[in-house]
Every structure is written in C-alpha cells, then in structure tokens.
Protein chains: 2
Amino acid sequence: MNGSSSNLSDSPVSARLAMRGLRLTPQRQHVYEVLVGVRDHPTAEEVFLRAKQGMPEISMATVYNCLDALVRCGLAKQVNVDRSASRFCPNMSDHDHFYCERCGGIYDIENGAGAVGRGIELPRGFEVTHVDVSLRGVCGSCNDAEKV
Amino acid sequence: MNGSSSNLSDSPVSARLAMRGLRLTPQRQHVYEVLVGVRDHPTAEEVFLRAKQGMPEISMATVYNCLDALVRCGLAKQVNVDRSASRFCPNMSDHDHFYCERCGGIYDIENGAGAVGRGIELPRGFEVTHVDVSLRGVCGSCNDAEKV
DNA sequence: GTGAATGCAAAACCTTTGCAACTGG
DNA sequence: CCAGTTGCAAAGGTTTTGCATTCAC
C-alpha cells in the first residue's frame, strides 16, 4: 500500500506520538501518517477519505478525535479560512498561510526569523490582496483582574 | 428610541448605504445603525437580539443578509476566530484584532502606517501568546494560468 | 411595475457528543 | 485491568436556502 520510506519514517511517527503521551492506536498512527504525507492542507473529510484507503473501517469521529489530539499535542496545526472546514497542516515550523482566492489552495509561507506580517517575501508570482493579522493572548482587563 | 446624535449620524448612515448602491430598507438601515453603535464585535445573533429591540419583527435571515451586504460593500468587517460564530465590526480602518483567551473579548488594534504583524504596539497590559498572519490573494499557478 | 429584500421554516454544513464495545500500556 | 479510544448515530451550533410575500425605487 504505502511503498516508500517505510522503515525510516515509520518509527519516528509512532515515536513522536508516544513522546507526547498519546496512546499509540493504529487509527491515530494512520491518521498522522496520512497527514504527514501531504502538503495540501486537507480538511478533516479529506484526511478521512485518504485514511479510509488504508483503513476502511475508520470513522469520521475518530479522524476528528485524532486530528484534535495531534493539534493539542503540537504535532499539527489547524488552519481556518473564513468559516469553511478547518484544514490541517503537519508543518510545525513557524509559518504563515496564503489563501488563493482563485483556486482555494492554501500555501505555507515560511517567515524567516525577522520576517513580519506585512512585508513578507512571497514566492514568485504570488499576489497579495489582503493581509489579516490576528493576535491571541490575555487582555489588559483580565491581566489586571489576575493581579488581585 | 435612540436619543443621542440623531440628526448628525442618522443621515450619514442611510447615505452611506445608498452611496454603495444598497437599497435603503428599514431593516438594513437598522442593522447598520445597531452595528455602528457598538464596539464589542457582536455575533450575528447578538446583532439580531439588539436589532429586535427596536424592530421586533426582524428575522435572523434578514440580519444575516444585511450583515453580508454590509461586509460585501465595505461598511463592515467580518471577524472569524477559530470556528466560533463570526463577529462583526463597523470599524473600517486598517486594523488587526486581538482575541483574549481568558474573557473571549475581541479588541481592535490599530496599526500605524508602518506597523507590522509581529511587533505591533499593544495597549498596556495586553499580553500576546500567539500571532497568526494569514494572507489572501492569487497564487503563482493561478497568475501563470491567467497569462495564457 | 419590477427586481430586490424580507420572513419563515427547513435544510445544509461542519463538528461534537453519548454511549456501548474494545484495547493499549 | 481500566482509563482512554473507537465507531456509530444522533444532536449541536452556525449559516444558507427555497419560496411566497412585501417593498423600494
């Protein structure tokens, strides 16, 4: 079924799961292997469809469970564009995402150590029409409240 | 009903709608007035609840329609955090958003002309744990295809 | 008058949940 | 052995849609 790079990349995958305290179920391992093997930011359903090819009995709920576990333990990123289905990304480097409004594709944009929001260097031919920066953290009020 | 700044801001609101080619329905006008009067990034449902106070017969579908029209014609922004309900923002200045993971609040972060993603100046007491930069536009492949 | 907007309810879409059966450590 | 995981189906939250009625222009 999966011919290439079995002996070398198979161990690390299970090791990475175990290392994060994740129980090593065949489904979880398989979902992670499927995800690692792609670079097109699949939706949960797309992961499900690909996972089913090698494991026909796997269920959608399990795929959601596995993806959620991977995201929570830091082995995958969840990418949300507008309100369409979440997409998943095994690339854990600190990078941004580019959404093509024409083809719907999502591309990883690596940002060098000093690269910042507006002013990122893009691959040749990419044209940006909109930059969206969103910050997360704790606001002033909540920080004040904590100090009491 | 709404006592303050009626004569001055009321006209502009309807004018702004008309100016964008939007038909001036009472519902649309009311939804926009409700939105303009807030600074807390309400969800569609929250806009609906507030709109109902002055217009009890308005429907959820109409609120969605109106908000969508406002966003499309450039009078409001739609803010998505994770996959929770979209929030709406009448502030059309070029700004970023800060999501407080403790209280769930969303704050506008004005970015001066030269301000960039990572490195933004935040209000006192705000603590950033995560910055998410997402770009939109047209990718290299689509741009190439267009040139044919 | 006519195309656009409204209101209602039903459907769609993506995701989560309840629960019984199973299984990895 | 038992907490964590799976699979199924059903429910959940948010948004969209179909359609008849109404309205702004």
Side-chain angles (χ1 to χ4, degrees), chain A residues 13-35 41-49 51-52 54-73 75-88 104 106, chain B residues 13-35 41-49 51-52 54-73 75-88 104 106:
Chain A
V13 161
S14 52
R16 274 181 259 173
L17 292 169
M19 194 182 305
R20 318 266 164 160
L22 290 189
R23 193 183 279 192
L24 210 59
T25 69
Q27 290 88 341
R28 197 168 269 175
Q29 203 166 329
H30 186 57
V31 165
Y32 186 40
E33 270 162 3
V34 163
L35 189 62
H41 302 82
T43 61
E45 179 161 28
E46 285 162 352
V47 171
F48 173 58
L49 292 175
K52 270 213 298 199
M55 187 178 273
E57 73 284 9
I58 198 172
S59 77
M60 193 67 203
T62 296
V63 169
Y64 271 107
N65 275 344
C66 292
L67 289 172
D68 192 52
L70 292 173
V71 169
R72 276 187 292 101
C73 81
L75 286 174
K77 288 185 176 182
Q78 185 164 2
V79 182
N80 293 307
V81 174
D82 298 337
R83 288 196 54 79
S84 59
S86 289
R87 294 169 173 282
F88 296 86
I106 292 183
Chain B
V13 162
S14 52
R16 274 180 259 174
L17 293 169
M19 195 183 303
R20 319 266 163 160
L22 290 189
R23 194 181 277 192
L24 210 59
T25 70
Q27 290 88 342
R28 196 169 271 174
Q29 204 165 329
H30 187 56
V31 165
Y32 186 41
E33 270 161 5
V34 162
L35 189 61
H41 303 84
T43 62
E45 179 161 29
E46 285 161 352
V47 171
F48 173 57
L49 292 175
K52 270 213 299 198
M55 188 178 273
E57 73 284 9
I58 198 171
S59 76
M60 194 67 201
T62 296
V63 170
Y64 271 107
N65 275 343
C66 293
L67 289 172
D68 192 54
L70 292 172
V71 169
R72 276 187 291 100
C73 81
L75 286 174
K77 289 186 176 181
Q78 186 164 2
V79 183
N80 294 306
V81 174
D82 299 335
R83 290 197 53 78
S84 59
S86 290
R87 294 171 172 282
F88 296 87
I106 292 183

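All chains are named by letter (A, B, ...) in the order of the sequence lines, taking the proteins before the strands, and each is independently numbered beginning at 1.
A side-chain donor-acceptor contact under 3.5 Å links R28(A) to the backbone of R23(A).
The T62(A) side chain lies nearest to dT6(D) when the options are dT23(C), dT6(D), dC14(C). Set against dG4(D), dA24(D), dT15(D), the side chain of R23(B) has dA24(D) as its closest nucleotide. Of the candidates dT15(D), dG7(C), dA5(C), the closest approach to any side-chain atom of E57(B) belongs to dG7(C).
Contact check, R83(B) against dT15(C): a side-chain N or O comes under 4.0 Å of OP1 or OP2. Dashed line: the shortest gap from a side-chain N or O of S86(B) to OP1 or OP2 of dT15(D) is under 4.0 Å. Contact annotation: T25(A) reaches the phosphate of dT6(D) (side-chain N/O to OP1 or OP2, under 4.0 Å). Between Q27(B) and the phosphate of dC23(D), there is no side-chain N or O to OP1/OP2 separation shorter than 4.0 Å. Regarding contacts with the backbone of dT16(D), every side-chain N or O of Y64(B) stays at 4.0 angstrom or more from both OP1 and OP2. For R28(A) and dT5(D), the shortest distance from a side-chain N or O to OP1 or OP2 is below 4.0 Å. Neither OP1 nor OP2 of dT6(D) sits under 4.0 Å from any side-chain N or O of S59(A).
Going from atom NE2 of H30(A) over to atom P of dT6(D) covers 13 Å, rounded to whole Å. To the nearest angstrom, C1' of dA5(C) lies 13 Å from CG of L70(B). For the pair M55(B) CE and dT6(C) P, the computed distance is 9 Å after rounding to whole Å.
No engagement by E45(A) is indicated, since no non-hydrogen atom pair under 4.0 Å with the nucleic acid exists. As judged by a 4.0 angstrom heavy-atom cut-off over every strand, A61(B) is placed among the base-contacting residues.
Between R87(B) and E46(B), some side-chain heavy-atom pair lies under the 4.5 Å cut-off.
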